[in-house]
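A short worksheet on the structure shown next.
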Amino acid sequence: MRKEALELASPSTRPKRLQTLGASLHTRFQNTANVSDLERSVTVLQEAVAISKSVEDRRASLNSLAISLGTRHDQTRHVADLNQSIALSEEVLNLCSPTHIDRHLYLNNLAGSLDDRFRLGKNIADLNRAIALLEESLSLTPPTHVLRSSRLCNLAISLDHRFDLNHDIDDLEKCVTLREQALELCPTTHIDRHGYLISLAISLSKRFDHKHDIADLDMAMQLAQSTLKSVPPHHPKRSYCLNEVSFIQLDHIRETKRKGSLHVCDHSTLRIDDVIRQLREATNAPHSPSNNRLVASLCWIGTSTDFHQDSLFDAYTAMYNVLDIIITRGHSLETRYSQLTTDEPIAFAKRLFPDAVRFAITRNRPRDAAVLLERGRALLLAQVGHCRMPLDDIRDRDPDLAAQLESVGRQLDCALADDPGRKSSASDPIAESMSLTSQWNHLVEQARQLGGCQDFLKPTPFETLQMAASDGPVIFINVARSSSHAIIVLPAGDPIIVPLPDARPRRVDQLTDVLVNSRDRQAGNFNFALRDLWDIIVGPVVDQLRPLISPQSRIWWCPSAAVAELPLHAAGHYSKGSDPSKRLPRLFVSSYTSSLGALIRARRATAQDLSALPNLLVISQPDTKGEIELNVRDEITFISDKLPATMVLEGPDATSDAIIKSIPHRSWAHFSCHAYSISDNPLRSYFSLHESRLEVLDILRIQIPHAELAILTACHTAGAGTSAPEEFLHLAGAMQFAGFRSVVGTSWAMDDSDGLFIVKGVYRRLFEELDKGNRLVYTCVARALSEAVEELRVDLKRRRIAEPWRWVNYVHYGA
């Protein structure tokens, strides 16, 4: 109806009609989480602002646009939207007289946005301004006004933030007073009463921490108990309330212990059981926002650890389960990556992964340890890829079902995650959350009925993961604070646990500095670090492998975050006169894999793989504008002469669009160009092409059904130095994800002459395999690379070039 009214509107009424439509679209987004409604709201309101003539129309349109932009910032975390929202709200306030009837609303809106910006940038000026605006808004809100309690809460929230920053007890005292007043105004039957109760309880507990008045803690405990009674079991805020109540109870237990109660042991043990029960409920509450559930799992882990509870393994498992849900519901690859690297609860959870694995090992549960290691690595690719069936795979099979899952998932988290002290936008949040949860569970069960999707949102069992070791052992490395281990996965039986007592986190960091991060490498230090890498990590693993597999057998490394950048494949003693049996390349052929699931997928061969000769795509960009010219002509000529079906994209023809169009029809790909690793956003790491870039993000979107081999003779393609090395979001990892079963890349900058040396050595061996009739040549790449790298090492030594990092540079991923 509003759209029809808009079409009939005259020029004088059109701004008002647009403003009404934009505000309605925003309201509908809040109820449905349909992003197109939010985007349409912003567009409509921008037009309304542009054509508004009267002060009244402009003020209303500006205010609505500021609100929609603020909401869009909540979804995308784009700071530009928040800054524009603040600027528009400032203009609204300037158009509003001191006596305007709605001034208190505009003051509150601007203050909320400034408080949001403070939480991002910690600029105290934003927070002080927000507090001043909220104080003015409160002064303009009559004592009997329906929004009075909400205004009191909002001011208390900002004062609480300032107290956390400056520890000024006056701010905390004001916060307590405001929350007491808000609770007095809240009827006992109010749907949000639990929010007022728990907010006051939190402030009193915080005041106890600073003033040590036991009356504050006792009152906080009473309010906490009242909170649990007032929030129903299926309420979307129950998880949050259970978390905060548990924190207060833990404070009370610790204070009781500190005072040395005669019955402290029996009494506190019973109450710790209550806390664990509450945190378990909060973690598993399907009607609550996932972030609240994750925080509950982290508190459950910490409490079980501190008080030696038997539920610790359950707590770790629940943490992984909630993380799976959070990441699956990400709106885009970049949003998901941002979650992994900037969201503090997620970052904290990831830091606990090594401890979870160590705990499983100490409880003699090696299979569980391997499963946890798999679940905690390459989280983004695991969710976007095929390990645990993300929405992309559901979409391929049933687009309508995938769209429903995406919509309901957004609603579960977006519509229900407001602060309990603020008014809920849902008229009946309990009914809403129960309905959404029921829909979500039903849709998940539908998805699991689709062919190949039976493990959707389930961890892959060890018996399935073990298939990754069918052609050779896969070695996990887990570096935890208290102890480190290698876990060797074999084709049958339990994994072998190898203690690594000297692989302490600080020592591993030192090795990373020398082997990866140093810009001023020295041969002596580098060789010493390779020796230490052997002594503390690789050597103990090799001692276990020697009786199990033959010399020059293949092995796969699956390193965790702490060691993800280390050149495990090159570990050994290389100084003059050292023992050659302590050099890994002389013993076994090493490859890497981002996960067990990725390796299993890389081994899947199709009928075309077994019958067709490789058709190669060569990308050559020797003279990119503004960059050093590369000497790649001999390299390209050598390759294309051997394979007549080769397609060469060179110079101006080597554009990202041309590659994206051509590469799905090719089984082999060879890149000879500049490449760059973007450490703070590896999704934007790229091949430098003719007036364009081919980024990791672009490659992850490509599906290459018959891809076999990719050789990347460019710098940084297996890029060390990213902000999340355990995610394997480099160019080589992206090529493997896109479908290439076998990928050769570089860890850092590459010498042109080395690239040609390696290319000729690898391809010569592969061509020999083709001549023998071998159609699974991609399985021979790791051995071909190992032999070519050894030849390069010997050649550098013969020429007395003491730069060991040049041969260590080359790595193999995949089958």
Side-chain angles (χ1 to χ4, degrees), residues 19-20 22-24 26-31 56 59-60 62-64 66-68 70-71 74 85 89 92-93 95-116 130-160 174-203 223 226-227 230-232 235-237 240-241 415-433:
Q19 186 271 327
T20 302
S24 298
H26 178 266
T27 300
R28 190 164 73 179
F29 166 77
Q30 290 181 307
N31 291 327
E56 182 181 351
R59 183 174 57 238
L62 286 168
N63 184 59
S64 294
I67 292 171
S68 289
T71 301
D74 293 339
S85 175
S89 294
V92 169
L93 208 54
L95 294 173
C96 179
S97 69
T99 58
H100 193 281
I101 191 172
D102 289 330
R103 183 175 176 83
H104 67 102
L105 295 173
Y106 302 141
L107 288 164
N108 186 76
N109 292 346
L110 175 56
S113 296
L114 288 167
D115 188 272
D116 288 342
I131 290 171
L133 293 171
L134 288 168
E135 288 174 337
E136 183 181 352
S137 176
L138 182 61
S139 71
L140 296 175
T141 308
T144 57
H145 196 285
V146 67
L147 293 177
R148 176 81 178 180
S149 60
S150 176
R151 296 289 181 268
L152 290 163
C153 277
N154 291 344
L155 178 55
I157 289 170
S158 291
L159 286 167
D160 191 38
K174 293 176 185 175
C175 180
V176 170
T177 300
L178 291 167
R179 284 180 162 153
E180 287 174 338
Q181 293 173 2
L183 184 59
E184 288 177 6
L185 292 174
C186 181
T188 56
T189 58
H190 194 284
I191 193 170
D192 288 331
R193 183 172 175 81
H194 60 273
Y196 295 95
L197 287 165
I198 195 62
S199 296
L200 178 56
I202 293 168
S203 294
L223 291 166
S226 298
T227 299
S230 68
V231 59
H235 196 285
K237 300 300 191 298
Y240 172 86
C241 293
L416 305 176
D418 295 331
D419 189 295
R422 300 185 190 271
K423 290 179 68 66
S424 171
S425 60
S427 58
D428 189 349
I430 300 176
E432 181 190 36
S433 68

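All of these numbers come straight from a predicted model, not from anything done at the bench.
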Determine, stepwise, if the pair S158 / D115 fulfils side chain to side chain donor-acceptor pair (under 3.5 Å). CA-CA 7 Å; S158 291; D115 188 272; 2.8 Å; yes
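- Pairs passing the salt bridge (Lys or Arg N to Asp or Glu O under 4.0 Å) check and including a residue from residues 194-203, sequence neighbours excluded, do not occur.
- D192 places a side-chain heavy atom less than 4.5 Å from the side chain of H194.
- Under the 4.5 Å side-chain criterion, counting only non-hydrogen atoms from C-beta, I198 is not in contact with L223.
- Atom-to-atom distance recorded for N154:CG and L159:CG is 11.0 Å, nearest 0.5 angstrom.
- Residues S113 and S85 approach most closely at OG-OG, 3.7 Å, considering heavy atoms.
- Inter-residue side-chain proximity for L147 and L105 is flagged as met; some heavy-atom pair is nearer than 4.5 Å.
- For the atom pair Q181 CD and L138 CG, the distance stands at 8.0 Å (nearest 0.5 Å).
- The shortest distance between side-chain heavy atoms of V176 and L200 falls below 4.5 Å.
- Two residues are said to be in side-chain contact when any heavy atoms from C-beta on lie closer than 4.5 Å; E56 and L95 fail this criterion.
- Of all the heavy atoms in Q19 and S64, the pair that sits closest is NE2-OG, 2.7 Å.
- Listed here is the closest heavy atom pair of L197 and S230: CD1-OG, 3.6 Å.
- Qualifying salt bridge (Lys or Arg N to Asp or Glu O under 4.0 Å) partners for E180, counting only residues two or more places apart in sequence or in other chains: none.
- No side-chain heavy atom of R193 sits less than 4.5 Å from a side-chain heavy atom of T227.
- Every ring pair (Phe, Tyr, Trp, His ring centres under 6.0 Å) that H145 has, sequence neighbours left out, goes to H104.
- For the pair R59 (side chain) and L93 (backbone), a donor-acceptor distance under 3.5 Å is absent.
- Here the rule is side-chain contact (heavy atoms from CB on, under 4.5 Å) with L140, and of L107, I101, T99, N108 only L107 fits it.
- A side-chain donor from one of R179 and S203 sits under 3.5 Å from a side-chain acceptor of the other.
- Put simply, NE2 on H26 and CD1 on I67 are 6.5 Å apart, with the number rounded to the nearest 0.5 Å.
- Note on residues 100-110: pairs passing salt bridge (Lys or Arg N to Asp or Glu O under 4.0 Å), not counting sequence neighbours, are R103-E136.
- Listed by chain and residue number, nothing satisfies the side chain to side chain contact (heavy atoms under 4.5 Å, CB included) test with P143 (two or more places apart in sequence, or in another chain).
- Scanning all heavy atoms of the two residues, the minimum distance from C241 to V231 falls at CB-CG1, 4.4 Å.
- S137 pairs by the side-chain hydrogen bond (donor to acceptor under 3.5 Å, both in side chains) definition with R151, not counting sequence neighbours.
- The shortest heavy-atom contact between A156 and C175 is O-SG, 3.4 Å.
- Residue L110 holds its CG atom at 5.0 Å from CG of L133, rounded to the nearest 0.5 Å.
- The two residues Y196 and S150 come nearest to each other via the heavy atoms OH-N, 4.1 Å.
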